[in-house]
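See structure below.
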Amino acid sequence: MRSIVPILTVLLVILGLWYAAAVPLNAQWARDQAARADTTLSASQLVEATWNQDRPRLPTPHQVGAELWKTTFESCVEGRRAGSIECITHRRSLFPHMWTTLSVTLAGFAIGTALGIGLAVSIVYSRAMDMSVMPWVIASQTIPILAIAPMIVVVFNSMGIPGFIPKAIIATYLSFFPVTVGMVKGLRAPTHMQLDQMRTWNASGLTTFLRLRLPTSMPYLFASLKVAVAASLVGTVVGELPTGAISGIGARLLNGSYYGNTMMIWAALIAAAVLAAIMIATISLAERVTLKRMGLAQ
Amino acid sequence: MSMTLIIAALAIWLGGWWLNARLARGRGRAVALAAPLLFGATLLLIWELLVRGLGVPGAILPPPSAIGVAFSQNIPTLWDDFVQTFVKGALSGYAFGCGAAFVTAILVDRSDFLKRGVMPVGSFVAALPIIGMAPIFVMWFGFGWQSKAAVVATMCFFPMLVNTVAGLAAADRMQSDLMRTYAASPWQTLTKLKLPAASPFIFNGLKICTTLALIGAIVAEFFGSPTLGMGFRISTQVGRLALDVVWAVILVAAIAGSTFYGVVTLLERAATFWHPSQRGR
Amino acid sequence: QDEVTLQLQWVTQAQFAGYYVALENGYYEEEDLDVTIRPGGPDIAPPQVLAGGGADVMLNWMPSALAARERGVPVVNIAQPFKSSGLQLTCWADTGIESPEDFRGKTIGVWFFGNEYPFLSWMSQLGIPTDGGEDGVTVLRQGFNVDPLLQRQADCISTMTYNEYGQVLDAGVSEDELISFRYEEQGVATLEDGIYALEENLEDPAFVDRMVRFVRASMRGWKWAEENPEDAAMIVLDYDESGAQTEAHQIRMMGEIAMLTAGSNGALDPADYQRTVDTLLAGGSDPVITAEPEGAYTLEITDAALQ
Amino acid sequence: MALDQAVKLCLNRTNLEEPARLPAPVISAENLSLTFQTNDGPVHALSDVNLTIEKGDFVSFIGPSGCGKTTFLRVAADLEQPTGGTITVNGMSPEEARKSRAYGYVFQAAGLYPWRTIGGNIRLPLEIMGYSKAEQAERVSRTLGLVDLAGFEKKYPWQLSGGMQQRASIARALAFDADLLLMDEPFGALDEIVRDHLNEQLLALWDRTGKTIAFVTHSIPEAVYLSTKIVVMSPRPGRVTDVIESTLPRERPLDIRDSREFIEIAHRVREGLRAGHVED
Amino acid sequence: MALDQAVKLCLNRTNLEEPARLPAPVISAENLSLTFQTNDGPVHALSDVNLTIEKGDFVSFIGPSGCGKTTFLRVAADLEQPTGGTITVNGMSPEEARKSRAYGYVFQAAGLYPWRTIGGNIRLPLEIMGYSKAEQAERVSRTLGLVDLAGFEKKYPWQLSGGMQQRASIARALAFDADLLLMDEPFGALDEIVRDHLNEQLLALWDRTGKTIAFVTHSIPEAVYLSTKIVVMSPRPGRVTDVIESTLPRERPLDIRDSREFIEIAHRVREGLRAGHVED
Ligand SMILES: Nc1ncnc2c1ncn2[C@@H]1O[C@H](COP(=O)(O)OP(=O)(O)OP(=O)(O)O)[C@@H](O)[C@H]1O
Ligand SMILES: Nc1ncnc2c1ncn2[C@@H]1O[C@H](COP(=O)(O)OP(=O)(O)OP(=O)(O)O)[C@@H](O)[C@H]1O
Ligand SMILES: Cc1ncc(C[n+]2csc(CCO)c2C)c(N)n1
Ligand SMILES: [Mg+2]
Ligand SMILES: [Mg+2]
């Protein structure tokens, strides 16, 4: 709680910088506009103009806020079904898009976590895996998966699997890596002494895994889960760009970019940030509960 | 015909695995090098056989051999793309982002107030899909490598910041108390204790950023670029269905990324030789 | 009902109104077809989707389709609802550009992804190098929006009459601040949105029959859209799942699109085809097609559909 | 009561095994050697060690740091493979002995699992060895009492002082029925008073149960006070330089440490140690 | 030679300061208290401690685990702020004393920086305090010799045994000229023989240089052997229960430990300790 004041201060500073940056970034257009209208702008008029443009290079926080409000709660003002209940939960509202993204993110995250843990276990238990696969796990992350996302989408399309799965696969690809790396570390975290202890009790491999390696790896697991879920979100968003940009936060980003609607981009970014924050907070909560129950958190 | 190729692929998988399992029992540098190479080679062979065996069209997934040919035929183009994207975009953004994060971390470490304010906000921003900034940066910084560097710098900033700040707090109490008993100046404490103690964390951040840098630079090119660059090449050649060239670019990216990662790992090894994690298992 | 999957080459917008109208008004159903429309997006190459079997028919610009043909994906034009090209270069008037000759030394935004060929061939016809320099043009790979022009990062950008040009105007620029060069008027126009299918599929009479019905229903849709632009725009808006399109924009787009589809009953005019091929063959140093294509179109389908 | 039962059990078992056990010592090492291959060249941790530990012995190992005390215990526990010579435990190979759960091992550091309570830590080997729930609970509370930790069952290790943790780790090794205890400096982290107290307790336990104990320590008085046999070792290479049979009676009050006999044995141990220290 | 110089320097300084120093004890604590606020409530680590340490004293602190020995040293070193009472070091506040680099501190654990060689670790305070390169080298090799680590200058801490690391950390505190040494169980990790040897060395150093030493230990013989004054403490709350002035002469061969006087003092210390242990 002592952190509230510092956090608010930092946020205020960021807001201040944001407003300040909007002036020079948007000034050119404001001046052009004035020139077209054959007027000149005073300093305060300029500031006023830069903070309230329709197509700003940098929309101001209150514009983004307004856009968020509009696209979440007042989303249905156009089209044949304008004003109907149905359309509040559809299309224009950000919520269904956030849901699309969230569901793919979670799917990718779940598969990625399972895959990551599986890989980590086999790497820890098999020297052959450790030596031959580990370097490729690292190399795999240097492949710009995001650049080949469109191809993955197409390949899966061609196998008759459109939409959800290919996006989830891209999310998986990005999220399994932190889990593998973290879990390899975590599963190797028991000290020699702890392992020897198990030996003196003639514990089986499975017992050692369940009662020693797994508990020791928990803090590592949670730390990497937080990274992984953020990575999964990035993967989903990027995967959404070329899948016909039908729905999801990525589609909003793309459409915002396509129509030069910076406000839409920023609103989508904020929505993504909120999603990330919620997911990370959830994992933190799970972490605290688990570690507390394990007696690892004081 | 195709069936035999698929069966051959399976056989090679098993054979490669068996060989690797045998190899893994050995020790030494040679084995450590041979095992992953063998694994990679098996993978490529299986890919080749499956693509041919299943008759996958080249416009979907070319076989490795075709990629190799495309690579060797396009070396000058690939080199120019590499310079544009990796050297100009990724490296400069990496240096700038990591450098700025490093300086910020030192400032943050000096002030508890800053630390308490910046770190929660920082970890929140770090979780943002910064990739979404790419179209905005292209708008702000133009089509050249500068906008790519800006994307890379932004992507690298927070992971590096979070790691470095954690590292600067990594010196244990006794180690810092020792500095206190010497009445060491803040600068002396920084150079003689905090930075060395932080270096494993700093290198962790640097390593994470190597992969981020390449991805950021390439994806940023999707939102506008001059007529060269790895991202440009990939997206243009996909349009022409020249998938072999596309994969050649990906190959370049993988080589560049792995080398980059490897170099940072070597530096890490040299700088943190004293850390238990570097002294063998 | 026979299933047909159509791969668009861009996001849902009035550019594809005919197909959405046919779907909404039940024209496909009347032809006993169950049509799925897949929107495209940046970096989705419809020929690739077709080659992978992800769709039965696609929309594509002819340069890109011919390039795919040379690359071993034998796509065939089966109908051509767009008669004329909407592609143009839009420049700031105050840069002093009055004719294409003035492009020298200027920066121009171009769409790639197979759409750069008409531009390159135009420049090579004019003898203007495209690799920068004093008397060449500096080419940018333009993103998906008109910001490079508005932010003056480029002196000229590619626009479609029906879409990006309107966006520039929407941004508050008046028409007399701009000067546009339509490819159509420069004699380098290439055919745009055509309907393509895979050659091997066309050997199957059942498939051909499906295509005949598909083209017939689609053209009905197009004609309806031309006559009812506002309603057509609304239908498109309904099908836009991204929720990003606006009413005004789609209505205007539909109006412009109607002018491009106007002269076509769906059948490809071999003269237009030949002009496109000639333009591409005249292309610059890195030609999109190296030889006159064979069998790149068939009139069989439209003949059957429009009789 | 429970304690008495355990003692009875133990005695019963001893009686049962009496006929078969006659010739087999609990630990018997012949020309035992162990060389570690390290980056800096080989380290001779044990070299030609000959040693016999009989049933019911309390054997202390003493010697400078790095002389191979821990290594010897580890070899006996099958945690390290000898590179030469032979060693048997209960007449079997160390591996067989380990698999038959013949011994309890107390490590040099407490090494409790931080995610288990004290009770949970002591229960761990019992769970692994498949004791019934009821028996687990019974044994945990009994051994906790034995090391004066009754009431701390639900606490986590980090809520206890270093000395209490060490005692918990001893309890963990006592919880299951092993006739042989291998203890590596179990009292290293304790202050003198607590140490004295635990020394008494350990002696009493040993006396009661007739367990065989191999005990590593750095303290000469401790070694003399506890042992029936003191093994003095010297390093580089680790070998046994002296084996001193104690002449003290089995019954040992704390003030036996002021007796002439005690001081003499202590002196002999000190001399043995000093001899091994020349090179340091 | 260098050693002699250092001694002379020290003596000189003592002489120079003589007139001003007369009444000021090196450490003087009055009603010193320190309470830690923890999650489980306050911990009274020190409570009403009154203590004076004169120039040239060798003071040992002994007491059960957790009685506040370390805390007292840390307060004197300005590493912890007292919550009540006053303490002066060399007549100044602990903070001023720390800033004037009045003391050398040896921590309970070696705490060497793993990224520096042994030589580099010992050189560290010298670099910070701005000694010349030549003097740094000279002092490093001198103090390394003092703790029998000559030849290990280029090794890294993890390449040394625990005992050697501990000695290196002692050398680090001796390398610069502080008249006051605060040593927190410096010999805890060592075996008896090495410990005896270092005890002798430390006494000799103390005798030669006239330093003032505050020394924490768990070993009664060690405390008696080394000190001019033994402070016995008891826990919860940490307080001083007894201060025993040693009657042993300054000159102390190792076998003084068998003398009657020694045994008597040791007995008194043990009694004091036992009294503090009732609640355990
Ligand atoms: N795993 C290992 N690899 C290499 N050398 C080892 C290993 N374990 C022990 N040694 C070396 O073997 C020797 C004996 O070690 P050991 O642990 O048995 O000594 P110790 O008598 O228990 O010493 P201490 O009293 O310090 O515990 C030492 O020199 C040590 O450095
Ligand atoms: N930073 C701290 N926060 C809370 N309590 C502390 C802290 N440091 C010490 N204590 C408590 O203060 C008391 C005194 O601790 P101190 O370290 O001085 O004991 P000690 O006499 O040095 O013990 P030992 O012989 O085990 O080193 C203990 O109960 C300890 O738990
Ligand atoms: C990456 C990419 N760039 C350009 C086109 C060509 N194109 C076809 S329709 C259309 C929209 C016009 O408003 C454009 C630009 C494409 N298909 N993909
Ligand atoms: Mg040992
Ligand atoms: Mg202490």
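Owing to the predicted nature of the structure, the values given are computational and were not obtained by experimental measurement. Here is how names work: the chains are called A, B, and so on, in the same order as the sequence lines, proteins then strands, and each is numbered from 1.
- Note on Val181(A), Thr262(A), Ile138(A): by heavy-atom pairs under 4.5 Å with chain B, the leading option is Ile138(A).
- Listed by chain and number, the residues in a side-chain hydrogen bond (donor to acceptor under 3.5 Å, both in side chains) with Thr105(A) are Thr236(A) (sequence neighbours excluded).
- There is no contact between Ile270(A) and chain B, counting heavy-atom distances below 4.5 Å.
- Every residue two or more places apart in sequence or in another chain that forms a ring-ring contact (aromatic ring centres under 6.0 Å, His included) with Phe82(B) is listed here: Trp79(B), Phe86(B).
- For Leu243(B), the part sitting under 4.5 Å from any heavy atom of chain A is the side chain, from C-beta outward, and nothing else.
- The SG atom of Cys209(B) sits 9.0 Å away from atom CE of Met155(B), with the distance rounded to the nearest 0.5 Å.
- Of the two parts of Ile60(B), the backbone and the side chain both hold a non-hydrogen atom closer than 4.5 Å to a non-hydrogen atom of chain A.
- At a 4.5 Å heavy-atom cutoff, the contact between Val121(B) and chain A is made by side-chain atoms alone.
- At distances below 3.5 Å, not a single donor-acceptor pair connects side-chain atoms of Ser258(B) with backbone N or O atoms of Ile255(B).
- Side-chain atoms of Trp266(A) and Ile136(B), non-hydrogen and from C-beta on, do get closer than 4.5 Å to each other.
- With respect to chain B, the highest number of heavy-atom pairs below 4.5 Å among Leu11(A), Val10(A), Leu8(A) belongs to Val10(A).
- Only the side chain of Val246(B) comes within contact range of chain A, with heavy atoms under 4.5 Å apart.
- In this structure, the portions of Phe113(B) lying under 4.5 Å from any heavy atom of chain A include both its backbone and its side chain.
- Within the 4.5 Å cutoff, side-chain heavy atoms of Phe222(B) are placed close to those of Ile218(B).
- A donor-acceptor pair under 3.5 Å is formed between the side chain of Ser147(B) and the backbone N or O of Gly142(B).
- Put simply, of Ser235(B), Ala213(B), Pro159(B), Gly40(B), the one with the most heavy-atom pairs under 4.5 Å next to chain A is Gly40(B).
- For the options Ile7(A), Val274(A), Val133(A), heavy-atom pairs under 4.5 Å to chain B are most numerous at Ile7(A).
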